[in-house]
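To start, the structure under review is shown below, and the notes come after it.
Position 1 is the first residue of the sequence; numbering continues from there. Quick note: numbers below take in every heavy atom, side chains included, and nothing from hydrogens, waters or symmetry partners.
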Amino acid sequence: MQTHDVTVFKPYAFRVGQKINIADGPRKGDWEVVAVTDRKVTLRCPFSKREFAWNRFCYVVEEQTGVQWPGKE
């Protein structure tokens with residue numbers, strides 16, 4: 001049997017109250033997690049306070065401590 005390099009992705013286990021930063025894509029920026037279900041995550045923009053419920057889509061790249069949040073608008 002051959003072996004290969006494989007990249008494994010797992011959905012991120014969001015926690016209500018978490019401050020997150022999405023690095024790329026149409027949802028790029030700072031968000032606060034306000035609700036989580038098995039299928040959806042609801043995020044609030046810290047600037048406009050608007051909330052959006054999306055299918056769960058994020059995967060962890062890294063966790064950082066001591067980061068200013070939110071960043072610049």
Side-chain angles (χ1 to χ4, degrees):
M1 182 178 290
Q2 290 183 326
T3 62
H4 299 274
D5 294 336
V6 176
T7 304
V8 177
F9 294 86
K10 290 185 178 183
Y12 183 70
F14 289 102
R15 296 179 311 277
V16 171
Q18 217 171 6
K19 306 318 191 236
I20 66 170
N21 178 273
I22 299 173
D24 269 332
R27 298 174 182 131
K28 179 179 178 178
D30 293 323
W31 298 94
E32 182 176 6
V33 179
V34 294
V36 180
T37 68
D38 288 342
R39 297 198 178 270
K40 300 273 185 180
V41 60
T42 303
L43 304 179
R44 177 186 304 133
C45 173
F47 302 105
S48 71
K49 306 299 185 204
R50 291 179 56 195
E51 295 183 7
F52 301 89
W54 289 307
N55 290 330
R56 292 175 71 165
F57 61 91
C58 282
Y59 300 88
V60 171
V61 174
E62 66 180 313
E63 291 192 25
Q64 300 176 351
T65 58
V67 175
Q68 183 176 342
W69 187 97
K72 294 181 181 180
E73 186 171 7

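With rounding to the nearest 0.5 Å, the separation of CD in E32 from CD in Q18 is 10.0 Å.
Aromatic ring orientation, F52 versus W54: parallel (interplanar angle below 30°, classes split at 30° and 60°).
Both V41 and V16 are members of a single hydrophobic cluster when ILVMFWY side chains are connected at heavy-atom separations under 4.5 Å.
Contact check for N55 versus K40: side-chain heavy atoms found under the 4.5 Å cut-off.
Residue L43 is tested with D30, V34, I22 for a side chain to side chain contact (heavy atoms under 4.5 Å, CB included); the sole match is I22.
The nearest pair of heavy atoms linking P70 to F47 is CB-CZ, 3.5 Å. Here the shortest heavy-atom pairing between V36 and R56 reads CG1-NH1, 3.9 Å.
W69 places a side-chain N or O within 3.5 Å of a backbone atom of I20 that can act as its donor or acceptor partner.
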